[in-house]
Amino acid sequence: MSGHSKWATIKRKKGALDAKRGKIFTKLIKEITVAARMGGGNVDGNPRLRKAVADARSQAMSADNIKRAIQRGTGEMEGVNYEEIVYEGTGPGGTLFIVDVMTDNKNRTVAEIRKVFEKSNGQMSSGGSAAWAFDRKGLITLAKDAATEDQLMEIAVGAGADDYSDQGEEWQLTCSVEVTDPVVKALEDAKIAVKSSGPAYVPKNKKQVEGRDAELCLNLFDALDDHDDVQNVYADFDVSEDELARIAG
C-alpha cells in the first residue's frame, strides 16, 4: 500500500521508526515454522520455506535460529503450533483492511485485533467484507537503485509480471501468484536483488484519504503491523505526499 510505504520512509528519515529487530525475527521464525510444517523441511523442495529462509538470512538471522525454527515445524523439536488466520475490517472513511495472522491462541488474538481496530475508529468484520475489494497477487519489491525501468520491462514483465510501480524508494511489481517464483528467478539471474516477494492482497481501487481520516488510517495500519501475531497488513487507502509531510510535521 503505497501511502504506508511512503509514510514508513518519512518516519525512517526522521529517526522515528525503530528497526524492531525482535518483532521482525518473531514474524520470520513463525513463517519458517509454519512453512516447514506445511511443506516439509527441505528448502529445495519447499518454495515457501525457501523464501522464508532467504528473508531470515537477509535480516542476519543466525543459521542456528533458522535450523531450530525448521525443526519445530517438522516436529523434530518441540514447539508452538501456530494457526494461520485472515481477519478483515473497516477503517476510517470506509477504508478496508486485511490482516494476515499467525497465532497460538486464537481467542486472545481476535480480541486484541478487534481492540486495535476500535481504537482508530475502525471495526473488525466478517470474512469477505473486505476481501472483495482486493485481488490476490504475487507482490515483489526491489530497491529503487536495483533496476532501471527498462530492465523491469525487459526482465520482469518478460518473465510474466503484470505491472510495476514507483513507490518512492522502491519498485513494486505485481504478477499472478503462480509466476512469482519465475519472475524472482529471472531478476536474480540478471543480478537484480529482490527485497521481498510472495502472495499479497492488492487493492483493486485505492481510496484517497486526508485530514483526520489519513492520520487514523496510518495509525491503524501501524498498530496492526506492530502486533506480535500479525504477519502482514493490507489496506485500500492512499495518502498524498503533501498530506504525509503535514502529518509527519
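Just so it is clear, the structure is predicted and the values come from calculations on it, not from any experiment.
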Kindly say whether [Y] contributes a backbone atom to a donor-acceptor pair with the side chain of [X] at under 3.5 angstrom?
| X | Y | answer |
| --- | --- | --- |
| Glu170 | Gln167 | no |
| Thr174 | Asp162 | no |
| Asn219 | Glu215 | yes |
| Thr109 | Lys106 | no |
| Lys137 | Ser176 | no |
| Asn42 | Asp44 | yes |
| Lys27 | Val230 | yes |
| Glu88 | Ala130 | yes |
| Thr103 | Asn105 | yes |
| Asp104 | Tyr82 | no |

From [X] atom [atom1] to [Y] atom [atom2], the distance as rounded to the nearest 0.5 Å:
| X | Y | atom1 | atom2 | answer |
| --- | --- | --- | --- | --- |
| Glu31 | Asp55 | CD | CG | 8.0 Å |
| Lys206 | Gln208 | NZ | CD | 9.5 Å |
| Leu224 | Asn232 | CG | CG | 12.0 Å |
| Arg50 | Asn46 | CZ | CG | 8.0 Å |

Query - Over all atoms of both residues, closest heavy-atom pair of Lys195 and Leu142 - result: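 The answer is CD-C, 3.8 Å.
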Query raised in the report: Looking only at heavy atoms, which two atoms of Gly91 and Leu220 are closest? And how far apart?
Result: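 Heavy atoms only, the tightest pair is CA-CD2, 4.0 Å.
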Query raised in the report: Looking only at side chains, do Glu178 and Thr180 share a donor and an acceptor under 3.5 Å apart?
Result: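 Looking only at side-chain atoms, Thr180 and Glu178 do not form any donor-acceptor pair under 3.5 Å.
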Report task. Evaluate the criterion side chain to side chain contact (heavy atoms under 4.5 Å, CB included) for residue pair Val53 and Ile70; output intermediate values, then yes/no. Result -> CA-CA 9 Å; Val53 169; Ile70 292 173; 4.2 Å; yes
Take a 6.0 Å sphere around [atom1] of [X] and say whether it holds more than 12 heavy atoms from other residues, nucleotides or ligands.
| X | atom1 | result |
| --- | --- | --- |
| Lys144 | NZ | yes |
| Asp189 | CG | yes |
| Lys204 | NZ | yes |

Report task. Before giving the answer on side chain to side chain contact (heavy atoms under 4.5 Å, CB included), spell out for Ile29 and Arg72 the whole-Å C-alpha distance, their side-chain angles and the decisive distance to 0.1 Å. Result -> CA-CA 10 Å; Ile29 286 170; Arg72 283 193 290 269; 3.7 Å; yes
Query raised in the report: Going by the angle between their ring planes, with limits at 30° and 60°, are Tyr164 and Trp171 parallel, tilted or perpendicular?
Result: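 Perpendicular, since the angle between the ring planes exceeds 60°.
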Query raised in the report: In terms of ring plane angle, is the pair Phe237 and Phe97 parallel, tilted or perpendicular, where the classes change at 30° and 60°?
Result: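 Correct class here is tilted.
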Query raised in the report: Hey, mind stepping through Glu118 and Gln123 against side chain to side chain contact (heavy atoms under 4.5 Å, CB included) and telling me if it holds?
Result: CA-CA 6 Å; Glu118 291 171 353; Gln123 184 175 357; 5.8 Å; no
Query raised in the report: Residues in side chain to side chain contact (heavy atoms under 4.5 Å, CB included) with Glu210, at least two apart?
Result: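 With neighbours one apart ignored, the set is Glu243.
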